[in-house]
Amino acid sequence: RSIGDLSKAEELARKSIASFESSGNISDLPEHLNNLAQVLIAQNKYVEADQVYDQAAVIQDTMIGRADTALLKTALITGASSFYSGHFALIAEHFNNPGKAYTIVEQARGRIMTDLLVSGKSTSPKAVETETKVSQLRLQLMTAHSKRRIREIHDAIFLAEQSRFVDPEVTILGTKNFEPIAMQIVQSKLRNSEVIIEYVLAEPKSYCLVITNGSTRIVPLPGKQELETQVVRYLKQIKAKQWGQREAAALYDSLFGPVQETRVKRQLIIIPDGALHLLPFD
């Protein structure tokens, strides 16, 4: 891909996906599907890329739904961030479909929050036993030298991890699929004075999904690195007990400047992303 041979890159990406599918190891599939989607986007195959991202989301949703611990769920959702932000950017840039963009971001963020709320802190003894076994096998893998021993340990890890998907006692929500609340329902609950501002940090652009009771739109913002740099500068001023007026103004221009609704709505419902979680928005 880096040397511009996109047709060969697509061929290799599809081969890697076929390899993982034939082995039954679905845990790494979303990452490889993301690679394929990026190659397709580079070739202007936007519809195909959208379909590939949808496939990755279904697989990730299944794994998160069957994960048995909060730590594993968090790890899975963190791993999904690259492809859900990429999928969001694809829809924003080439489809201009706020409804689809909303579904993409909520499928990722809403999934983990819903599961954690439903599951609480409960983890079955069988789940703890499985995680301990997997951890011990991974430690053994680090000290294994022969190809035969490495293969044996790898197979044992695979079987232990698969027990999460076949044993009801090692899962929290089983195979239940997650369906985000429809954006139209969210809109119907908003007052005239309210606006939802949901951020998605990405490169080369970040985005803001703006939802009111009568409209939805996607607003492009500066890239993730630029925004994170501005956040760090502002927080340094705050920690030093300085006013930070210049840094605050720069952040306001980047995050709220392009969002006209912030000047006419009295109540802002902000859903941050990444480093924006560190900001005192008020």
Side-chain angles (χ1 to χ4, degrees), residues 38 41 46 50 53 78 80-110 113 180-181 183-282:
Q38 291 296 315
I41 291 171
Y46 304 127
D50 182 32
Y53 275 130
T78 300
S81 63
S82 61
F83 73 76
Y84 94 72
S85 60
H87 196 184
F88 189 100
L90 170 66
I91 298 302
E93 290 294 321
H94 302 291
F95 292 89
N96 191 26
N97 185 342
K100 178 68 180 283
Y102 164 84
T103 300
I104 290 167
V105 73
E106 285 304 310
Q107 190 72 35
R109 295 174 180 174
M113 292 303 297
I181 296 174
M183 188 167 65
Q184 292 79 2
I185 296 178
V186 174
Q187 286 183 279
S188 70
K189 304 298 181 182
L190 292 175
R191 299 182 179 90
N192 290 331
S193 60
E194 296 175 328
V195 56
I196 293 176
I197 304 172
E198 184 159 17
Y199 291 100
V200 176
L201 300 190
E203 292 291 359
K205 296 179 185 178
S206 296
Y207 301 92
C208 178
L209 180 60
V210 183
I211 305 173
T212 70
N213 59 5
S215 66
T216 60
R217 66 191 188 102
I218 302 171
V219 179
L221 302 174
K224 178 180 179 180
Q225 186 174 355
E226 181 178 343
L227 289 176
E228 288 179 342
T229 299
Q230 291 183 10
V231 169
V232 169
R233 287 173 182 164
Y234 178 64
L235 292 178
K236 281 184 178 179
Q237 291 291 313
I238 298 300
K239 290 176 181 178
K241 298 183 179 179
Q242 301 297 315
W243 182 238
Q245 187 172 9
R246 181 183 303 172
E247 292 78 9
L251 269 173
Y252 182 91
D253 289 341
S254 295
L255 297 174
F256 290 133
V259 186
Q260 299 171 356
E261 288 82 355
T262 60
R263 293 185 279 277
V264 295
K265 302 291 184 181
R266 290 187 296 106
Q267 294 171 292
L268 312 183
I269 303 169
I270 297 171
I271 305 174
D273 186 26
L276 301 185
H277 282 282
L278 303 174
L279 277 183
F281 270 90
D282 52 344

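The structure displayed is predicted, hence computed values, not measured ones.
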**OP:** Evaluate the salt bridge (Lys or Arg N to Asp or Glu O under 4.0 Å) criterion for residues Lys236 and Glu247: first the C-alpha distance (whole Å), next the side-chain angles of each, then the deciding distance (0.1 Å), finally the verdict.
**Re:** CA-CA 10 Å; Lys236 281 184 178 179; Glu247 292 78 9; over 6 Å; no
Original post:
Judged by atom type as modelled, is there a donor-acceptor pair below 3.5 Å linking the side chain of Lys265 to the main-chain atoms of Asn192?
Top reply: yes
Original post:
How far apart are the closest heavy atoms of Gln245 and Trp243, and which atoms are they?
Top reply: CB-CD1, 3.1 Å
Subject >> Over 12 foreign heavy atoms within 6.0 Å of CZ, Arg266 >> reply: no
Subject >> Side chain to side chain, Glu106 and Glu198, heavy atoms closer than 4.5 Å >> reply: yes
**OP:** Can you establish whether the number of heavy atoms outside Glu93 located under 6.0 Å from its atom CD is more than 12?
**Re:** yes
**OP:** Kindly say whether Gly274 contributes a backbone atom to a donor-acceptor pair with the side chain of Tyr199 at under 3.5 angstrom?
**Re:** no
Original post:
Would you find a donor on one side and an acceptor on the other, under 3.5 Å apart, between the side chain of Gln225 and the backbone of Glu203?
Top reply: no
Original post:
For the side chain to side chain contact (heavy atoms under 4.5 Å, CB included) test, which of Val210, Ile211, Thr103, Leu209 pairs with Pro98?
Top reply: Leu209
**OP:** Determine the minimum heavy-atom distance between Gln230 and Ser254, stating which atoms define it.
**Re:** OE1-OG, 3.0 Å
**OP:** Kindly give the heavy-atom pair with the smallest separation between Ala248 and Tyr234, and that separation in Å.
**Re:** CB-CE1, 3.5 Å
Original post:
Is there side-chain contact between Phe88 and Ser206, with heavy atoms separated by less than 4.5 Å?
Top reply: no
Subject >> Check against side-chain contact (heavy atoms from CB on, under 4.5 Å), Tyr46 and Ile41 >> reply: CA-CA 6 Å; Tyr46 304 127; Ile41 291 171; 4.1 Å; yes
Original post:
From Ile196 CD1 over to Leu190 CG, what is the distance, rounded to the nearest 0.5 angstrom?
Top reply: 4.5 Å
Original post:
Would Asn213 and Arg191 count as a side-chain contact (heavy atoms from CB on, under 4.5 Å) if you check the C-alpha gap in whole Å, the side-chain angles of each, and the deciding distance to 0.1 Å?
Top reply: CA-CA 7 Å; Asn213 59 5; Arg191 299 182 179 90; 5.8 Å; no
Original post:
Which distance, rounded to the nearest 0.5 Å, do you find between the NZ of Lys239 and the NZ of Lys241?
Top reply: 13.5 Å
Subject >> Nearest-0.5 Å distance, CD of residue Gln260 to OG1 of residue Thr262 >> reply: 8.5 Å
Subject >> From CG (Asp273) to SG (Cys208), nearest 0.5 Å >> reply: 11.0 Å
**OP:** Heavy atoms only: give me the nearest Ile91-Ala101 pair and the separation to one decimal.
**Re:** CG2-N, 4.0 Å
**OP:** Walk me through it: do Val200 and Ile104 pass the test side-chain contact (heavy atoms from CB on, under 4.5 Å)?
**Re:** CA-CA 11 Å; Val200 176; Ile104 290 167; over 6 Å; no
**OP:** Give the ring-plane orientation class for Phe281 versus Phe256, where under 30° counts as parallel, over 60° as perpendicular and anything between as tilted.
**Re:** perpendicular
**OP:** Give a yes or no on this: more than 12 heavy atoms of other residues, nucleotides or ligands lie within 6.0 Å of atom NZ of Lys100.
**Re:** yes
Original post:
Leu279 and Leu255: side-chain contact (heavy atoms from CB on, under 4.5 Å), yes or no, with the steps?
Top reply: CA-CA 11 Å; Leu279 277 183; Leu255 297 174; 3.8 Å; yes
Original post:
Shortest non-hydrogen contact from Asp50 to His87?
Top reply: OD1-NE2, 2.6 Å
